[in-house]
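Reckoned from all heavy atoms, side chains included, excluding hydrogens, waters and symmetry mates.
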Amino acid sequence: MEKIRLHWLILYCLWQPGYAAYAQQTAPVITTTTVLADLVRQVAGPEVPVASMLPIGTDPHTYEALPQTVHMARRAELIFINGLTLEGWLQKLITHSDTKARVVIVSQGVTPLAHPDNPSATDPHAWMDPLHVITYLHNIRDGLSAWKPAQADAFARNCRAYEDSLQALHRWISLQWTQVPAHRRVLVTTHDGFRYYTLRYGIQALPLMGTTTDADVRAGDLRRISHLITTQDVTAVFIEQGINPALLERLAAEHGITVAGPLYGDSVSPPDGPAGNYLSLMRHNTRVLVSALATQPHTHQVPAPSGWGLWVAGMGTLLLAGLGFLWMRVKRPASPALPAHWALRLEQVGVRYGAVTAVEAVTLTLQPGRVYGVMGANGCGKSSLLHALVGVVPATGRMEIAGKPLSQWPGKVAWVPQRAQIDLHFPLTVAQVAGMGRLAALPVGRPMRAADRAAIQDALETVGLAHLAHRAVGELSGGQLQRALLAQALCQDAAIYLLDEPFAALDAESEALLLQLIRQLAAQGKLVVVVHHDLQQAATLFDEIILLNRKVLVQGTPEAVLQPHWLQQAFGNYSAFLPHPPSSPLPLS
C-alpha cells in the first residue's frame with residue numbers, strides 16, 4: 001500500500017506542472033497583463049479560471065506574441081485588454097489566432113492623459129490611479145455579466161467589495177504623502193509609467209524616456225533632469241522592475257543621491273514578492289517612494305568660480321577643442337575602398353552587460369547584395385548584436401572585412417536605430433537630420449559642396465520627404481521620423497546598412513516604401529541586416545534568416561529556418577505560427 005501511495009505521489013508531482021500550463025492555455029477568460037488578471041479575478045471570483053497572456057515580469061510595450069499566446073486567444077471566450085494603445089501587438093495576434101472571443105476594453109470611460117511630446121498619442125498606464133481602476137472594475141463586471149448572465153449578481157457583489165478596497169487604498173496613499181514636503185515630491189524614473197499616479201497625488205514626474213519602454217533617452221531630457229536635481233531637493237531616483245537601471249545609477253552617482261526601488265508598474269511580482277497583486281503593488285510603490293523622498297537631502301556646498309577662473313576654464317576648453325579638431329583632421333584615416341569581393345565576418349562575438357550575457361560566441365559570414373533578418377524572442381540579443389557592429393557597446397571576438405577590423409573601415413556602416421537618438425525639441429529640420437549622414441561620410445573639416453547637397457536632396461526624394469525638408473523633426477509623425485533617419489543613412493552611402501526594428505509603428509505607406517528601399521539597397525550590392533520579429537513577413541522579406549537566442553541557432557533561407565524544430569528553440573515549446581498564406585513553410589498547428 002505504501003508503494004502504491006508513493007507511485008501516486010510521484011505521478012501527481014510530474015502531472016501538476018503540465019496541468020497548470022495546460023490550464024493557463026485553456027482558461028475561458030484571459031487578459032493581456034498580469035495586473036489586469038488580478039483585477040479580473042477579484043470580480044470573477046475563484047470559480048472562474050482567469051489567465052494572463054503575458055507572464056509575470058513581461059514588458060507589454062515590447063511584447064512579441066509567442067505560439068502559446070495564440071493558442072490561449074484561440075481557446076478563450078472573453079479577453080480583457082487595457083486599451084489606450086498599450087497592446088500594439090494585440091490586433092495581429094487576434095487575427096492570427098482566429099479567436100471568436102469577445103474583447104472588453106477595461107479603460108473605456110477613463111479620460112486619458114496625452115503623451116507630453118505627442119498630443120495625438122495617449123498614456124496607457126491609467127491603472128496607476130486607484131480611482132481610475134474603479135472604472136476598470138465596472139467594465140470588467142459588465143463584461144463578465146454579459147458572458148455569464150446567471151452569475152451577474154455575484155460579479156456585482158465582488159465588484160462592490162473591491163471598490164471599497166480601492167477607496168481605502170486611495171485614502172492610505174494620500175495619507176502617506178503627507179510625510180513628504182511638497183517641494184520634494186519629485187519622481188525621477190526611467191519609464192514614464194507613473195503620470196496618473198503623480199497627477200492624483202501631487203507629484204512632479206521626471207521620466208528619462210517616454211510612455212513606452214522601447215523609447216530612447218534624449219540628451220536634452222538628461223540635461224533638463226540633471227539641472228532639476230541640482231536646483232531642487234531631489235533625494236532619490238527610482239529604478240523600475242525589468243528596466244535597465246544603468247542610466248539612473250549613473251545620474252545618481254553624479255549627484256550623490258540615492259537609488260531606490262524597484263517600482264512595479266506594468267506587471268505584478270511573483271506571488272511571494274512585494275507586489276504579488278494590484279493592492280500590494282500600489283502599497284509597495286508608495287512605501288518605496290515616500291521612504292526615499294521623505295529623507296532629508298544631503299547638501300553640497302560648491303564654491304562659485306571667480307571671473308578669472310571662468311575665463312581660464314573657457315579658454316582652456318576652446319584650446320582643447322581646437323587641438324582635438326586638428327588631431328582628428330590629421331590623424332583620422334580616409335575610408336579605404338572595399339575590395340571587389342568582400343564579406344563581413346564575425347567570429348566568436350560576445351556582448352555582456354555586467355554579469356549578464358546578451359550575445360555569446362556568434363560566428364557569421366554575411367555577403368553583400370543580400371538581405372539578412374536577425375530574429376528571435378525578446379532579450380535574445382538581436383539589438384545588442386547590431387550595437388556591437390556599430391561600436392555602441394564593447395564586444396569580444398572579431399568583426400572583420402577582408403581581414404581588417406570593422407573599426408578600420410570608417411563610414412562603411414550605416415545604422416538606423418529603433419528610435420531617433422536626437423533631441424526632438426532641438427530646432428533641427430528634416431534636411432539637417434539627413435545631412436548628418438552626409439557629414440559622417442566627408443573628410444573631417446571639409447565643408448559641404450554642391451554634390452553633397454544634391455545627395456541629401458536625392459535621399460529625401462527617395463524616402464518621400466523632399467517636400468518636408470525644412471520642417472522641424474519634432475513635428476513629424478512616427479513614420480515620417482523613421483523615414484528621415486533612413487535618409488540620414490542613405491546620405492552616408494555606406495556598404496553595410498543595419499536596421500533595428502525599422503517596421504515598428506510604421507504606417508502602410510512608410511512600410512511599403514521601406515520594403516522597396518531594402519530591396520533596392522541589396523540590388524546595388526549593399527549588405528542589409530534587419531532586426532525583425534514578424535515571422536509572416538520574414539518569409540518573403542529576407543534572403544537569409546539568422547535565428548538568435550544569445551547564440552546563433554541557425555542561419556539559412558526562410559524555408560529552411562521557419563520550421564517548427566528551430567522556432568521551438570527560439571520562441572518556446574510550441575509550434576510557431578504563420579497563419580497566412582497557407583503555403584507558408586510553417587503550418588499552423
Side-chain angles (χ1 to χ4, degrees), residues 31-36 39 54 58-63 80-91 104-139 166 170 173 185-218 220-221 224-225 228 237-243 248 261-268 275 278 281-282 285-286 289 418-420 424-425 474-478 481 504-505:
T31 68
T32 49
T33 71
T34 56
V35 172
L36 292 187
L39 297 177
L54 275 64
T58 303
D59 184 348
H61 301 284
T62 59
Y63 180 66
F80 289 97
I81 73 171
N82 185 77
L84 300 179
T85 69
L86 177 70
E87 302 100 339
W89 43 270
L90 184 66
Q91 186 55 54
V104 177
I105 303 173
V106 299
S107 63
Q108 192 73 40
V110 171
T111 301
L113 296 176
H115 189 285
D117 295 330
N118 183 3
S120 64
T122 58
D123 183 340
H125 306 90
W127 67 88
M128 297 309 296
D129 180 344
L131 299 187
H132 283 331
V133 173
I134 293 176
T135 301
Y136 278 38
L137 288 188
H138 293 169
N139 290 320
L166 291 173
H170 166 61
I173 294 174
R185 295 184 183 184
V186 181
L187 174 56
V188 181
T189 58
T190 304
H191 165 217
D192 191 6
F194 298 90
R195 284 199 300 138
Y196 289 92
Y197 181 95
T198 58
L199 186 65
R200 175 67 65 189
Y201 300 109
I203 306 159
Q204 182 182 6
L206 295 177
L208 293 182
M209 62 188 191
T211 57
T212 64
T213 56
D214 60 349
D216 282 325
V217 178
R218 298 183 303 220
D221 290 335
R224 175 176 58 86
I225 292 171
L228 287 171
V237 296
F238 297 89
I239 62 175
E240 298 169 64
Q241 184 66 28
I243 300 179
L248 282 179
L263 303 177
Y264 289 82
D266 293 330
S267 171
V268 300
Y278 175 75
L281 179 152
M282 297 296 287
N285 285 351
T286 301
L289 293 169
Q418 288 188 26
R419 293 288 187 271
L424 295 181
H425 297 291
E475 300 175 7
L476 299 179
S477 68
L481 181 58

Student: Under 3.5 Å, side chain of W127 to main-chain N/O of D266, donor-acceptor pair present?
Tutor: no
Student: Who are the side-chain contact (heavy atoms from CB on, under 4.5 Å) partners of A126, not counting sequence neighbours?
Tutor: L84, V110, H132, Y136, Y196
Student: Should Y197 and M282 count as side-chain neighbours, where that means a heavy-atom distance under 4.5 Å?
Tutor: yes
Student: Measure the spacing between CD1 of I105 and CG of L86 and express it to the nearest 0.5 Å.
Tutor: 12.0 Å
Student: Suppose we screen for ring pair (Phe, Tyr, Trp, His ring centres under 6.0 Å). Which residues come up paired with F194, at least two apart in sequence or across chains?
Tutor: none
Student: For Y264, enumerate each residue passing the ring pair (Phe, Tyr, Trp, His ring centres under 6.0 Å) test, keeping only those at least two apart in sequence or located in another chain.
Tutor: H284
Student: Would you name the heavy atoms of T135 and G109 that are closest together and state the gap between them?
Tutor: CG2-C, 4.2 Å
Student: To the nearest 0.5 angstrom, please state how far the CZ atom of F80 sits from the CG atom of L36.
Tutor: 9.5 Å
Student: Working to the nearest 0.5 Å, report the span between CD of Q241 and CG of L281.
Tutor: 10.5 Å
Student: For R185 versus G202, what's the shortest heavy-atom pair and its separation?
Tutor: CD-O, 3.5 Å
Student: Donor-acceptor check, side chain of R195 to backbone of H125, threshold 3.5 angstrom: yes or no?
Tutor: no
Student: Does the E87 side chain pair with the main chain of P60, one donor and one acceptor, at a distance under 3.5 Å?
Tutor: no
Student: In Å, rounded to the nearest 0.5 Å, how long is the span from CZ of F238 to CG of L289?
Tutor: 5.0 Å
Student: Any non-hydrogen side-chain atom of V106 less than 4.5 Å from a side-chain atom of L39?
Tutor: no
Student: Using side-chain contact (heavy atoms from CB on, under 4.5 Å) as the criterion, list what pairs up with S267, not counting sequence neighbours.
Tutor: T34, I56
Student: Would you please name every residue forming a side-chain contact (heavy atoms from CB on, under 4.5 Å) with Q204, sequence neighbours left out?
Tutor: V186, L206, L228, Q232
Student: Between the side chain of T31 and the main-chain N/O of T33, is any donor-acceptor distance below 3.5 Å?
Tutor: yes
Student: The criterion is side-chain contact (heavy atoms from CB on, under 4.5 Å); which residues satisfy it with L131, sequence neighbours excluded?
Tutor: D129, I134, Q167, H170, R200
